[in-house]
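Only one structure is covered here, and it is reproduced in the block below.
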Amino acid sequence: MTSTLKKSIAAKRDDLVVLTRDLIRIPTLNPPGENYRDICEFLDRRLSACGFETQLIRATGTPGDSDKYPRWNIVARRDGRKPGDCVHFNSHTDVVEVGRGWTIDPFGGTEKDGKIYGRGACDMKGGLAASIIAVEAFIETHPTYCGAIEISGTADEESGGYGGVAYLAERGFFDPERVQHVIIPEPLNKDRICLGHRGGWWAEIETRGEIAHGCMPFLGDCAVRHMSAVLSEFEDKLFPAMAARHTDMPVVPEGARQSTMNINSIHGGQPEQADDFTGLPAHCVPDSCRIVIDRRFLVEEPLDQVRDEVKALLEGLKASRADFDYELTELNSVLPSMTDRDAPVVQTVAKAIEDVMGKPPEYVASPGTYDQKHIDRIGKLKNCIAYGPGILELAHKPDEYVGIDDMIDSAQVMGHALETLLMPKA
């Protein structure tokens, strides 16, 4: 890495802090998908001033898109003076719900003790800001670079990415003829390279019963009790089976190197009333109970196997339990994704981490999915990694923060990578 670029990035520390705070202060909550246009216009102004040509693209017709909550994305491109590869930095702009337990304004962008706090600070507005600073410093230092640089801010990663990267990939924005290297600044820690992620399968299970008066439950059939049988089967058979499976993928943290499943929600019987309702519930046997399951699976597990073992448990109950009836509805599925360690972007960022931080990187895989899945499966672009500042375990937590020094170090790594990939070879 040239000393000029290193100094330029370090000199932009205050700008990096202001940029990160400004991004946090745009509350892009998803769901429902608020202020996507606002953050795209903010990025448009910033990147246009640096010579980027920008496109604001609405993902019309994707899940969640509506006139009230349109799914807006921005793609900005700046061509160099000579032909060469294109390096693309992709960051999602949406953040999850705030949740309880905050001691700091979640959208205040508070700077304190070398950290910037706020919902999305770690996941992943700090990474977006670091990539912009790295790119701006690189362009100032090397105005005659080859190839092209792209920066995108995309919607809905937190809900699957279908209104963001998937929509763009379907329209050729990640075609390997157009883009050769992709870095996604997700918070996997500044000295790690994330090569990919586990798979995911989401489904709703409904058990059915028969409504009756709550004082005579023997005249009805309680769907909640049927669901308790499902949960018992999961506890006795499925969870132990999943715990016995382990992957060769370098998934972090350690607990995610096995198959896992979360019960996202459960509801049976009467709908919950509004907070201002002061009446008492009616006395009814519930005729329906529903759960949503979030099954994360390993690259060694075929998706059909994941589906079939859940269905086999349900069919077993149907055969053995009186009056048991169910409906299984698949909500979504994502296959695992992994980039080879010898891929150009991996080797380039690995060398940059070693030069900037004085130690080789750790190679990891993410416990959850992120937008690499769409770049890989839809865009057919394998040369893609996640690399960015932030501590993975802080994502979606109260008092989420990103370290300023971590953002500077990551920006140095990104700038180093740009020099390697876009400067003329001797």
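Values below: every heavy atom of this structure, side chains too, minus hydrogens, waters and symmetry copies. For reference, positions follow the sequence shown, starting with 1.
Around atom CZ of R208, more than 12 heavy atoms belonging to other residues, nucleotides or ligands sit under 6.0 Å away. Within 6.0 Å of the CD atom in E393, the count of heavy atoms belonging to other residues, nucleotides or ligands exceeds 12. Annotation: E177, atom CD; neighbour count of heavy atoms from other residues, nucleotides and ligands within 6.0 Å does not exceed 12. The local environment of CD in Q270 is crowded, with over 12 non-hydrogen atoms from other residues, nucleotides or ligands closer than 6.0 Å. Few gaps surround CD on E362; more than 12 heavy atoms of other groups in view lie less than 6.0 Å from it.
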Discussion item. Does E111 form a side chain to side chain contact (heavy atoms under 4.5 Å, CB included) with I404? I'd like the steps, not just the answer.
Written reply: CA-CA 9 Å; E111 179 187 358; I404 299 170; 3.7 Å; yes

Fill in: Residues F239, K237; criterion side chain to side chain contact (heavy atoms under 4.5 Å, CB included); working and verdict
CA-CA 6 Å; F239 283 110; K237 297 177 181 177; over 6 Å; no

Discussion item. With side-chain hydrogen bond (donor to acceptor under 3.5 Å, both in side chains) as the criterion, how do T154 and N90 come out once you've worked through the C-alpha distance, each side chain's angles and the decisive distance to 0.1 Å?
Written reply: CA-CA 7 Å; T154 50; N90 165 250; 3.1 Å; yes

Worksheet item: Taking it one step at a time, do S366 and E186 satisfy side-chain hydrogen bond (donor to acceptor under 3.5 Å, both in side chains)?
Response: CA-CA 10 Å; S366 174; E186 288 275 12; over 6 Å; no

Fill in: Stepwise side chain to side chain contact (heavy atoms under 4.5 Å, CB included) check, F52 with L43
CA-CA 11 Å; F52 280 82; L43 293 170; over 6 Å; no

Practice prompt. Please report the C-alpha distance between K311 and D304 in whole Å, then the side-chain angles of each, then the deciding distance to 0.1 Å, and finally whether the salt bridge (Lys or Arg N to Asp or Glu O under 4.0 Å) criterion is met.
Written response: CA-CA 10 Å; K311 189 169 183 178; D304 285 345; over 6 Å; no

Fill in: Trace of the side chain to side chain contact (heavy atoms under 4.5 Å, CB included) decision for D355 with M1
CA-CA 8 Å; D355 287 354; M1 184 180 189; 5.8 Å; no

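Judged by the 6.0 Å distance and 45° axis criteria, R46 is not positioned over the aromatic ring of F42.
In this structure, R77 pairs ionically with E150, as a charged nitrogen and a carboxylate oxygen lie closer than 4.0 Å. Under the 4.0 Å criterion applied to side-chain N and carboxylate O atoms, D340 and K382 are not assigned as salt-bridge partners. With respect to R25 and D38, no salt bridge is recorded, no charged nitrogen being found less than 4.0 Å from a carboxylate O. Salt bridge K397/D399: absent, no basic N to carboxylate O contact under 4.0 Å.
Using modelled atom types, no side-chain atom of S337 and backbone atom of K373 make a donor-acceptor pair closer than 3.5 Å. Although no hydrogens or angles enter the test, the distance criterion places no donor-acceptor pair under 3.5 Å between the side chain of S8 and the main chain of L5. The closest donor-acceptor contact from the side chain of R119 to the backbone of P106 lies at 3.5 Å or more, if one exists at all. Counting only distance, with no hydrogens or angles, the side chain of N264 and the backbone of V292 share no donor-acceptor pair below 3.5 Å. With hydrogens and angles ignored, the 3.5 Å screen pairs no side-chain donor or acceptor of E327 with any backbone N or O of E206. R37 contributes no side-chain N or O that, together with a main-chain N or O of P70, makes up a donor-acceptor pair within less than 3.5 Å. Side-chain atoms of Q372 do not come within 3.5 Å of backbone N or O of I184 as any donor-acceptor pair. Checking side-chain atoms of S91 against main-chain N and O of G153 turns up no donor-acceptor pair under 3.5 Å. For the pair D94 (side chain) and E158 (backbone), a donor-acceptor distance under 3.5 Å is present. Proximity of a side-chain donor or acceptor of T207 to a complementary backbone N or O of A223 within less than 3.5 Å is detected.
A donor-acceptor pair shorter than 3.5 Å can be found between the side chains of H92 and D123. Between the side chains of T329 and E204, no donor-acceptor pair is found at a separation under 3.5 Å. Side-chain polar atoms of E419 and H142 form a donor-acceptor pair below 3.5 angstrom. Side-chain contact, T247 with R198: no donor N or O sits under 3.5 Å from an acceptor N or O.
Minimum interatomic distance between S152 and H88 (heavy atoms only, all atoms of both residues): OG-NE2, 2.7 Å. Annotation for Y162 and H374: closest pair CE2-CE1, 3.6 Å, computed over non-hydrogen atoms. Here the closest non-hydrogen pair linking N73 and A59 is ND2-CB, 4.1 Å. A pairwise comparison of heavy atoms in A155 and G163 identifies CB-O, 3.8 Å as the closest pair. When all heavy atoms are compared, the tightest approach of R78 to Y145 is O-OH, 3.0 Å. Taking every heavy atom of both residues into account, R21 and G108 meet most closely at NH2-O, 4.5 Å.
Taken from CZ in R296 to OG in S259, the straight-line distance is 12.5 Å, to the nearest 0.5 Å. To the nearest 0.5 angstrom, I293 atom CD1 is 8.0 Å from L238 atom CG. Distance check: M338 CE to I385 CD1 gives 12.0 Å after rounding to the nearest 0.5 Å. Taking CZ of R377 as the reference point, atom CD1 of I375 lies at 13.0 Å (rounded to 0.5 Å). Here the CZ atom belonging to R178 is positioned 11.5 Å from the CG atom belonging to L381, to the nearest 0.5 angstrom. From M357, atom CE reaches atom CG of D409 across 5.0 Å, with rounding to the nearest 0.5 Å.
Under the 4.5 Å side-chain criterion, counting only non-hydrogen atoms from C-beta, M423 is not in contact with T2. When side chains are defined from C-beta on, I133 does not count as touching M407, because their heavy atoms never get closer than 4.5 Å. Residues T348 and H181 are not in side-chain contact: their nearest non-hydrogen atoms beyond the backbone lie 4.5 Å or more apart. In this structure, F89 and L418 have side chains that are in contact, with non-hydrogen atoms separated by less than 4.5 Å. Between C50 and I139, some side-chain heavy-atom pair lies under the 4.5 Å cut-off. Two residues are said to be in side-chain contact when any heavy atoms from C-beta on lie closer than 4.5 Å; R13 and I408 meet this criterion. When side chains are defined from C-beta on, Q258 does not count as touching R245, because their heavy atoms never get closer than 4.5 Å. Taking the side chain as every heavy atom from C-beta outward, P185 and M124 approach each other to under 4.5 Å.
Among N35, D156, V96, T93, the one residue that satisfies the side-chain contact (heavy atoms from CB on, under 4.5 Å) test with N30 is D156. When the options I291, I263, I266 are evaluated for a side-chain contact (heavy atoms from CB on, under 4.5 Å) with I205, the one that passes is I291. Each of N189, V346, I353, D191 was compared with Y387 under the side-chain contact (heavy atoms from CB on, under 4.5 Å) criterion, and only I353 meets it.
Taking the six-membered ring where the residue is Trp, Y117 and Y401 present tilted rings, their angle falling between 30° and 60°.
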